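This report refers to the structure that appears directly beneath it.
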Amino acid sequence: MLNYNHKEVEKKWQEKWEKDGLYKTSEDTTKPKYFILDMFPYPSGEGLHVGHPKGYIATDIFARLKKMQGYNVLHPMGWDAFGLPTENYALKHKVHPRIATAKNIDTFKKQLLKIGFSYDWEREINTTDPEFYKWTQWAFLKMFERGLAFESFEPIIWCPSCKTGLSMEDLEGGRCERCDSEVERKPMRQWVLRITDYADRLLADLDKLPDWEHSIKEMQRNWIGKSTGAIVKFAIVDCRFPNEKKIEQEIFTTRPDTLFGATYFVVAPEHPLISDFRLSISNFNEVEEYMKKAGAKSDMERTELNKEKTGVKIEGLVAINPVNGEELPIFVADYVMMGYGTGAIMAVPAHDERDFEFAKKYNIKIKPILHSYLEFWNESEKTLTRRTVNPTSVNSGNKIEDEELLSLLKQQAQKDINKDPSHAITDYGWLFDSGFLNGYYAIEAKEKMIAWLTEKGLGKRAVNYKIKDWVFSRQRYWGEPIPIVHCEKCGAIPVPESELPLRLPDVEHYEPSGTGESPLATIPEWVNTKCPKCGGAGKRETNTMPQWAGSSWYYLRFIDPKNNNALIDIKKDKYWSPVDFYVGGAEHATRHLIYARFWHKFLFDIGAVNYEEPFTRLQHVGLIMAEDGRKMSKRWGNVINPNDIVEKYGADALRVYEMFMGPFSQSVAWSTNGLVGARKFLERIYNMQHATRNMQHGGGAGTSAILNLLHKTIKKVGEDILEFKFNTAISAMMILVNALEKEKEISRDTYEKFLIILAPFAPHITEEIWSGLGNSESIFKQSWPKYDPELIKDEKIQMVIQVNGKLRDTIEVDANISEEDAKKIALESEKVKKFIDDKEIMKVIFVGGKLVNVVVK
RNA sequence: GCCCGAGUGGUGAAAUUGGUAGACACGAGGGACUUAAAAUCCCUUGACAGCGAUGUCGUGCCGGUUCGAGUCCGGCCUCGGGCACCA
């Protein structure tokens with residue numbers, strides 16, 4: 001038996017490929033292109049574990065296939081290296097983040113190189129490289145020019161442990177995603193990107209991405225969270241002067257059709273209305289106390305305590321319902337959020353669960369105004385039947401004119417609310433007690449109400465999004481400096497493009513101040529500068545950009561990594577963009593992938609790129625769990641380093657095993673036994689060289705059964721790779737190997753074709769065998785074998801014979817057997833006869849090339 | 001609570017438009033080779049009954065459509081993911 005020495009072989013070929021520039025990207029634009037991209041890693045201090053390369057292996061196999069099929073393939077790698085994890089690591093270990101980053105990248109790269117990826121390392125990028133972040137800053141300035149980047153003074157989310165402001169996307173369950181601390185609200189100056197301006201396009205264009213996974217699109221839709229409804233103006237009146245309208249307070253509602261059912265009005269504890277009217281509020285002390293209590297609660301507590309709603313009635317003020325002039329009591333309650341809509345709502349307890357709960361607790365009137373069904377008691381059968389009142393049974397089809405029917409619906413609604421509170425939830429139905437909306441169905445009533453409000457100037461159609469503008473500044477050191485100078489005379493002035501990159505100063509101390517000031521603020525020689533506009537004294541912006549800045553556009557730079565004049569050459573972008581296939585973790589669905597789509601659309605708007613969406617096809621990679629079923633983590637001590645696996649079993653075994661584990665996007669637990677299986681599979685292939693040793697090149701095509709199987713395998717492997725079904729591709733190759741092993745001799749041609757289709761999975765061992773067979777050119781310069789459609793046709797098939805759908809016999813017949821012959825053979829089968837002997841044959845069903853089913857009674 | 005997705009052997013899993021359920025692999029059991037072990041090779045391996053041929057049952061549960069359902073429809077249950085007082 002030959003002994004396969006993976007260590008020697010893998011090293012040999014990795015050096016040779018590197019020396020020959022085998023993976024250098026071709027710029028021959030006459031060929032079709034394919035841009036296949038991994039989400040570039042964040043080089044942490046911990047190095048890669050075996051789960052990380054899973055996606056990289058998949059894209060590598062795909063890239064190699066595409067290259068062998070004649071495409072110009074762009075398959076690059078780089079480093080997303082700015083941000084808190086490195087900075088915290090650096091503080092802890094007392095090394096400068098720059099040094100730590102360089103060290104971590106070195107570790108990561110060494111790990112990746114051992115696995116034998118076909119990356120074009122000449123295009124390697126690093127977000128912390130000034131030549132790279134020059135363009136991150138440039139894009140920021142372009143946004144600033146267009147008012148998309150602006151300074152805001154609204155309170156933001158602050159992580160006391162990371163000592164920085166965060167964006168909505170940086171939270172996980174209301175806590176800091178990075179350190180799991182409870183976050184606070186902190187009023188401070190910050191830079192914000194107006195991503196909400198793009199919310200509608202980000203949502204609508206998801207429909208233009210058919211090759212994105214459904215689940216990820218769904219997550220983005222939920223995150224953007226579009227609601228359509230109306231803004232309605234309520235007058236706020238001081239009870240002492242009922243005829244004097246103080247102000248108009250707007251509310252947002254998705255259900256303007258239920259305006260007649262509003263029985264109270266609520267404002268968020270942070271709402272300015274309260275302090276503006278403090279003199280009108282007779283119980284201001286009580287209200288103020290509630291506001292303080294609510295303010296002391298973190299966002300976490302506020303949502304966790306959602307079982308019991310709290311609030312305080314504001315005495316001395318009422319809100320006037322614009323549709324009927326009714327006076328509504330006003331409450332302050334923390335179930336209404338300042339950050340969504342207008343921070344004030346009309347409450348319709350009969351048709352909203354939350355309002356219902358609150359109204360019950362504080363004894364507020366619950367007034368139903370719509371319902372959809374009636375119940376009838378059948379005395380003889382003693383049953384209660386529920387009948388939905390449907391539009392067709394009603395007059396013209398869309399409006400109930402019958403007063404009696406409406407009054408029955410009203411009685412039913414009242415009955416249901418008294419009986420079972422769960423009936424009180426928002427429901428669609430026919431309206432009553434609603435003035436001009438009486439008799440209409442809710443959906444139409446909504447439109448009628450919007451039209452009415454608009455006409456009277458009391459409101460208008462409105463859209464609200466859950467997505468918030470992107471808080472874009474961090475009060476930390478390790479990030480891109482924001483290229484702005486503050487001048488007392490001129491305000492915030494952009495650093496001129498010619499001065500980019502604005503380099504991050506190299507300093508000894510970069511500890512966060514914790515006060516909301518960036519560590520950069522402590523370096524006077526850096527902070528103090530001239531105003532680019534007036535030349536007077538100016539101070540540099542000291543906040544830095546968040547970790548997600550560079551990753552929002554990095555993929556473009558791979559196309560043109562060394563361009564000094566532009567972010568990307570528009571012609572090169574035209575050829576290579578968009579990314580044809582993007583593979584990475586699902587955890588980026590609502591952060592990186594939304595940010596990148598936003599930046600890309602912006603770059604498109606300013607004419608910097610040609611296409612509106614950056615990623616055509618998107619696939620998420622399933623996690624690899626530890627053997628104990630938990631996540632691999634230092635904390636559990638169950639991390640497996642790919643270096644150890646490569647050392648012991650070889651990179652090819654690792655690659656084949658990770659692709660064979662199960663469906664690509666599913667998470668699976670690591671199994672060393674399974675890995676050993678992959679290694680054995682490769683050894684068997686290596687040892688098969690014996691059987692081919694004496695064969696002449698191109699000689700002996702092999703038996704027809706083997707040829708048939710070979711061509712079926714070529715077809716299946718090619719198709720499965722394109723669909724990311726690597727597990728079944730490998731299984732097909734295993735079936736072929738099992739069959740080849742049973743042969744005394746293997747044709748050289750068959751063996752070589754098989755090696756080529758295996759090569760993307762196991763590049764080292766196949767290249768070694770390939771060269772050992774006397775081939776001087778790399779196996780990766782071969783073109784992907786074509787299967788012969790004639791050869792994969794089966795002449796004989798196993799025809800299944802069923803009786804009443806149950807398998808009773810299988811008989812080998814000609815593949816193109818006629819219906820008549822098939823039925824005849826089926827009925828003559830001894831096994832079948834046993835089951836139809838004493839029965840009447842009702843019919844016989846024939847499915848060509850598959851089966852005969854005899855139906856008997 | 002709301003929105004997605006998924007439930008198949010001891011395990012990871014396969015299964016064109018509805019057409020042989022469990023491919024392929026791991027594990028387990030048995031055997032060959034060996035002084036012995038490892039490695040390798042061969043056989044068995046969904047459950048139940050049977051010496052066997054074979055039969056019955058079987059894709060989370062209940063029901064339906066169909067000659068025929070893992071696959072389609074209706075109603076549940078469980079698990080995973082996302083969002084979470086978003087008006």
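Throughout, protein chains are lettered first and strands after them, A, B, ... in sequence-line order, and every chain is numbered starting at 1. Keep in mind the model is a prediction, meaning the values are calculated, not measured.
At least one donor-acceptor pair closer than 3.5 Å links the side chain of Lys468(A) to the backbone N or O of Lys466(A). Using a distance-only test at 3.5 Å, with no hydrogens or angles considered, no donor-acceptor pair links the side chain of Thr196(A) to the main chain of Ala199(A). Put simply, the side chain of Glu213(A) gets close to the backbone of His620(A): a donor and an acceptor are under 3.5 Å apart.
Counting to the nearest Å, the P atom of C2(B) and the CD atom of Glu353(A) are 8 Å from each other. For the pair Lys850(A) NZ and G19(B) C1', the interatomic distance rounds to 7 Å; values are reported in whole Å. Going from atom CG of Leu807(A) over to atom P of G19(B) covers 15 Å, rounded to whole Å. We find that OH of Tyr686(A) is positioned 17 Å from C1' of U40(B), with the value rounded to whole Å. As a whole-Å value, the separation of Tyr340(A) OH from A84(B) C1' is 13 Å. As rounded to whole Å, 12 Å separates atom P of G27(B) from atom CD of Glu627(A).
Closest to the Arg684(A) side chain, of the nucleotides C41(B), A87(B), G82(B), is C41(B). The Val847(A) side chain lies nearest to G19(B) when the options are C24(B), A87(B), G19(B). Distance from the side chain of Phe252(A) is smallest to A87(B) among C83(B), A87(B), G19(B). Picking from C85(B), A87(B), U56(B) the nucleotide with the shortest atom distance to the side chain of Tyr335(A) gives C85(B). Closest to the side chain of Leu851(A), out of G55(B), G19(B), A25(B), is G19(B). The side chain of Lys466(A) lies closest to C83(B), out of G19(B), C83(B), C85(B).
Against the 90° criterion about 0, the sugar-base torsion of G9(B) places it in the syn range.
In this structure, C26(B) and G10(B) make a Watson-Crick or G-U wobble pair, each of the two defining distances being under 3.5 angstrom. Across all strands shown, U66(B) remains unpaired; no Watson-Crick or G-U wobble contact has both distances below 3.5 Å. Nucleotide C57(B) forms a pair with G46(B), judged by Watson-Crick or G-U wobble geometry with both contacts under 3.5 Å. G18(B) is unpaired under the Watson-Crick or G-U wobble criterion, no partner having all donor-acceptor distances under 3.5 Å. Using Watson-Crick or G-U wobble geometry with both donor-acceptor distances under 3.5 Å, A32(B) finds its partner in U40(B). Nucleotide U71(B) is matched to nothing when pairs are restricted to Watson-Crick or G-U wobble geometry with both distances under 3.5 angstrom.
Between A69(B) and U20(B), the two C1' atoms lie 14 Å apart (nearest whole Å). Only the C1' atoms considered, U59(B) is 9 Å distant from G22(B), to the nearest whole Å. Between G27(B) and C76(B), the two C1' atoms lie 35 Å apart (nearest whole Å). Nucleotides G46(B) and C3(B) are separated by 41 Å at their P atoms, to the nearest Å. For C4(B) and U8(B), the P atoms lie 22 Å apart once the distance is rounded to whole Å. Atom name P, nucleotides G60(B) and C79(B): the rounded distance is 16 Å, in whole Å. Distance check on atom C1': C43(B) versus C33(B) gives 15 Å, rounded to whole Å. Across the C1' atoms, C48(B) and G9(B) are found 15 Å apart, a figure rounded to whole Å.
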Distances under 3.5 Å between protein N/O atoms and the N/O atoms of nucleotides 3-6 of chain B, please, pair by pair.
from, atom 1, to, atom 2, distance (Å)
C4(B), O3', His214(A), NE2, 3.1

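Between C24(B) and Thr728(A), no contact under 4.0 Å exists linking OP1 or OP2 to a side-chain N or O. Contact between the side-chain N/O atoms of Asn673(A) and the OP1/OP2 oxygens of G27(B) is found at a separation under 4.0 Å. Contact check, Asn738(A) against A25(B): a side-chain N or O comes under 4.0 Å of OP1 or OP2. Side-chain nitrogen and oxygen atoms of Lys806(A) include at least one within less than 4.0 Å of the OP1 or OP2 phosphate oxygen of C57(B). OP1 or OP2 of U40(B) lies within a sub-4.0 Å distance of a side-chain N or O belonging to Lys680(A). Within the structure, a side-chain polar atom (N or O) of Asn727(A) is placed less than 4.0 Å from OP1 or OP2 of A14(B).
The residue Phe835(A) sits close only to the backbone: its heavy atoms come under 4.0 Å of sugar-phosphate atoms, none of a base. If you check every strand for non-hydrogen atoms under 4.0 Å, Ile735(A) touches sugar and phosphate atoms only. When heavy atoms are screened at a 4.0 angstrom cut-off, Val800(A) is found touching base atoms of the nucleic acid. Residue contacts for Ser671(A): at a heavy-atom cut-off of 4.0 Å it reaches no nucleic acid atom on any strand shown. Contact annotation for Asp355(A): no contact, since no heavy-atom pair falls under 4.0 Å across all strands. Nucleic acid contact for Phe660(A): base, since at least one base atom lies under 4.0 Å from a heavy atom of the residue.
Looking only at atom types and distance, the side chain of Tyr340(A) has a donor-acceptor partner in the side chain of Ser227(A) under 3.5 Å away.
Under the 30°/60° scheme for interplanar angles, the aromatic rings of His592(A) and His588(A) are found to stand perpendicular.
In this structure, Lys313(A) is not positioned above the aromatic face of Tyr264(A) in the sense of NZ or CZ being under 6.0 Å from the six-membered ring centre and within 45° of the axis. Note that Arg808(A) lies in the cation-pi zone of Phe835(A), set by a 6.0 Å cut-off to the ring centre and a 45° limit from the axis. Within the cation-pi definition used here (under 6.0 Å to the ring centroid, within 45° of the axis), Lys226(A) does not qualify as a partner of Tyr465(A).
When all heavy atoms of Pro663(A) and Asn727(A) are compared, the pair lying nearest together is N-ND2, 3.6 Å. Taking each heavy atom of Trp212(A) and Lys217(A) in turn, the nearest pair found is O-CE, 3.5 Å.
In this structure, the side chains of Leu209(A) and Arg597(A) come closer than 4.5 Å at one or more pairs of heavy atoms.
Residue-to-nucleotide proximity on RNA chain B shows that, of Ser731(A) and Asn853(A), the 5′-proximal contact is made by Ser731(A). Map Glu741(A) and Met734(A) each onto its nearest nucleotide of RNA chain B; the residue landing nearer the 5' end is Met734(A).
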